[in-house]
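Whatever order the structure lists ligands and atoms in, that order sets their numbers, starting from 1.
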Amino acid sequence: MSTDKHYQGLINKYREYLPVSDKTPVVTLNEGNTPLIKADNLAKKIGLDAEIYLKFEGSNPTGSFKDRGMTMAVSKAKEEGSNAIICASTGNTSAAAAAYGAKAGMKTFVLIPDGYIALGKLSQAMMYGANIIAINGNFDEALERVIDISKNYPITMVNSLNPYRIEGQKSGAFEIIEALGDAPDYHFIPVGNAGNITAYFKGYEEWLAINKSTHLPKMMGFEAEGAAAIVRGERIMHPETLATAIRIGNPASWEKAERARDLSGGVIDSVTDDEIVEAYKMIASTEGILCEPASAASVAGLIKSNKTKAVKEGSKIVCILTGNGLKDPDNAIKYALADVKKTSADINDILRAMNI
Ligand SMILES: *Cc1c(COP(=O)(O)O)cnc(C)c1O
């Protein structure tokens with residue numbers, strides 16, 4: 001362990017709560033420690049008298065919460081002597097795997113659904129030097145192939161079925177409890193493959209058990225309507241949503257997500273693409289935070305729940321913003337509130353364009 005005082009990632013910070021030892025080679029980019037931002041403008045805008053906090057996971061090193069799981073998965077793969085990793089990805093897992101793979105000096109393979117990856121995410125995996133294979137199929141099919149390959153070749157699977165991913169990701173719950181002094185009343189979160197809701201709930205359960213908090217938050221998970229397998233109770237063969245990070249029709253952690261819902265008294269519901277876009281724009285224009293569309297499903301879920309009075313006034317609410325909006329410039333420009341005015345460089349033309 002290093003004796004440096006500066007923050008050095010979540011394994012070093014939370015090692016006593018994680019399955020690591022002094023022998024584990026820690027592969028870190030100093031992930032975690034993300035801001036929990038009070039969102040009073042948003043609360044006012046949606047007409048809810050409550051404390052709303054946005055946990056901006058987009059400020060992780062590769063721009064999404066996937067870094068929390070990847071530091072653990074790659075460190076443990078290295079400890080076990082593996083020299084190659086593989087994942088299926090809607091984009092962010094591949095970016096994180098590629099970055100931590102590069103840092104660890106391991107070969108990285110990523111399978112992605114061709115044509116359904118936000119540009120920023122693809123550019124990351126390419127720059128970090130991963131072997132990228134774009135398949136003519138969706139995420140669920142890519143994951144099936146990855147499971148197959150990792151069973152038959154000496155390549156470690158780093159999707160969230162890898163238990164170390166969940167271990168790393170549970171650190172987000174620890175940070176929230178530390179920041180608020182207790183667990184919040186409600187925890188809103190997008191649901192795709194359902195690894196993250198599983199991980200947060202595990203973190204909340206573990207710290208409740210050692211009296212670091214006094215209660216569990218109600219886990220409020222939101223799928224995209226076109227990919228709402230858990231809500232509908234059946235696998236969706238052709239999931240569709242503009243929120244590509246949650247375009248998943250057969251969530252790997254399905255039962256664990258239902259367990260989190262049931263034990264916490266929460267819900268798993270869905271939001272439409274229109275509701276996602278409304279929230280995506282509102283978060284940016286009221287709070288100055290650009291998240292990616294999938295991330296906005298948490299806030300879209302809060303807006304929906306507020307309309308049906310499913311959240312109590314005066315409560316503490318955390319919404320997870322899972323990834324950085326810079327990853328998906330196409331959608332940002334498509335749905336932006338402002339356009340770009342072009343003028344000559346003449347000051348009078350500029351003043352006219354400013355409309356003042
Ligand atoms: C991976 C991801 C999700 C979905 O998380 P799951 O653990 O698959 O439920 C949501 N938002 C973003 C930005 C992601 O990268």
Side-chain angles (χ1 to χ4, degrees), residues 31 34 54-60 62-70 73 87-97 99 110 112-113 116-118 120-122 124-125 139-140 142-143 158-163 165-170 172-173 187-203 219-224 227-231 239 241-258 260-261 268 270-271 276 279-280 283 289-301 319-328 331:
E31 59 296 310
T34 56
L54 306 175
K55 185 141 178 83
F56 188 41
E57 291 291 288
S59 73
N60 275 297
T62 79
S64 87
F65 74 84
K66 299 299 196 304
D67 294 350
R68 291 182 185 275
M70 209 55 76
C87 66
S89 179
T90 59
N92 283 330
T93 301
S94 64
V110 304
I112 55 173
Y116 286 92
I117 298 271
K121 304 176 187 180
L122 185 60
Q124 286 181 284
F139 170 84
D140 304 291
L143 182 57
V158 294
N159 280 101
S160 57
L161 287 166
N162 178 323
R165 280 276 311 278
I166 303 293
E167 289 297 317
Q169 285 170 215
K170 75 185 181 188
H187 180 101
F188 284 81
I189 187 165
V191 174
N193 218 16
N196 211 26
I197 188 170
T198 300
Y200 269 98
F201 191 60
K202 187 165 199 284
M219 299 300 290
M220 312 290 279
F222 286 83
E223 299 184 291
I230 300 174
V231 174
T241 168
L242 93 154
T244 49
I246 54 173
R247 184 175 172 269
I248 293 175
N250 188 26
S253 299
W254 188 318
E255 286 82 19
K256 289 184 179 128
E258 291 183 329
R261 173 196 65 195
I268 294 181
S270 63
V271 283
I276 287 172
Y280 173 55
I283 298 160
I289 303 170
L290 180 58
C291 65
E292 60 177 283
S295 307
S298 59
V299 171
C319 298
I320 305 298
L321 299 181
T322 45
N324 197 311
L326 293 174
K327 286 169 172 279
D328 195 353
N331 273 317

So the atoms of ligand 1 within less than 4.0 Å of a heavy atom of Gly192 turn out to be 4 (C), 6 (P), 8 (O), 9 (O)

* **Aromatic ring pairing Phe188/Phe222, orientation class (parallel under 30°, perpendicular over 60°, tilted between)** => parallel

The atoms of ligand 1 lying under 4.0 Å from a heavy atom of Ile246, numbered in the order shown, are 3 (C), 4 (C), 10 (C)

query: Should Glu57 and Lys66 count as an ion pair when the cut-off is N to O under 4.0 Å?
result: no

> Taking the side chain as C-beta and beyond, is there a heavy-atom pair between Arg165 and Met70 under 4.5 Å?
Replying inline: yes

So do the side chains of Leu290 and Tyr280 get within less than 4.5 Å of each other, counting heavy atoms only?
-> yes

Within less than 4.0 angstrom of ligand 1, does Ala194 place any heavy atom? yes

message = Quick check: do Ile248 and Pro239 have side-chain heavy atoms less than 4.5 Å from each other?
response = no

In ligand 1, the atoms that come under 4.0 Å of a heavy atom of Gly195 are 6 (P), 7 (O), 9 (O)

Taking only non-hydrogen atoms of Asn193 and a 4.0 Å limit, the atoms of ligand 1 in range are 6 (P), 8 (O), 9 (O)

Quick look: Thr90 vs ligand 1, heavy-atom contacts under 4.0 Å, and the answer is neither

For Lys66, the atoms of ligand 1 under 4.0 Å from one of its heavy atoms are 1 (C), 2 (C), 3 (C), 14 (C), 15 (O)

- Message: I'd like to know if the side chain of Thr241 reaches the main chain of Arg247, judged simply by a donor and an acceptor atom lying under 3.5 Å from each other, with no hydrogens or angles considered.
- Response: no

Here the atoms of ligand 1 under 4.0 Å from any heavy atom belonging to Glu292 are 13 (C)

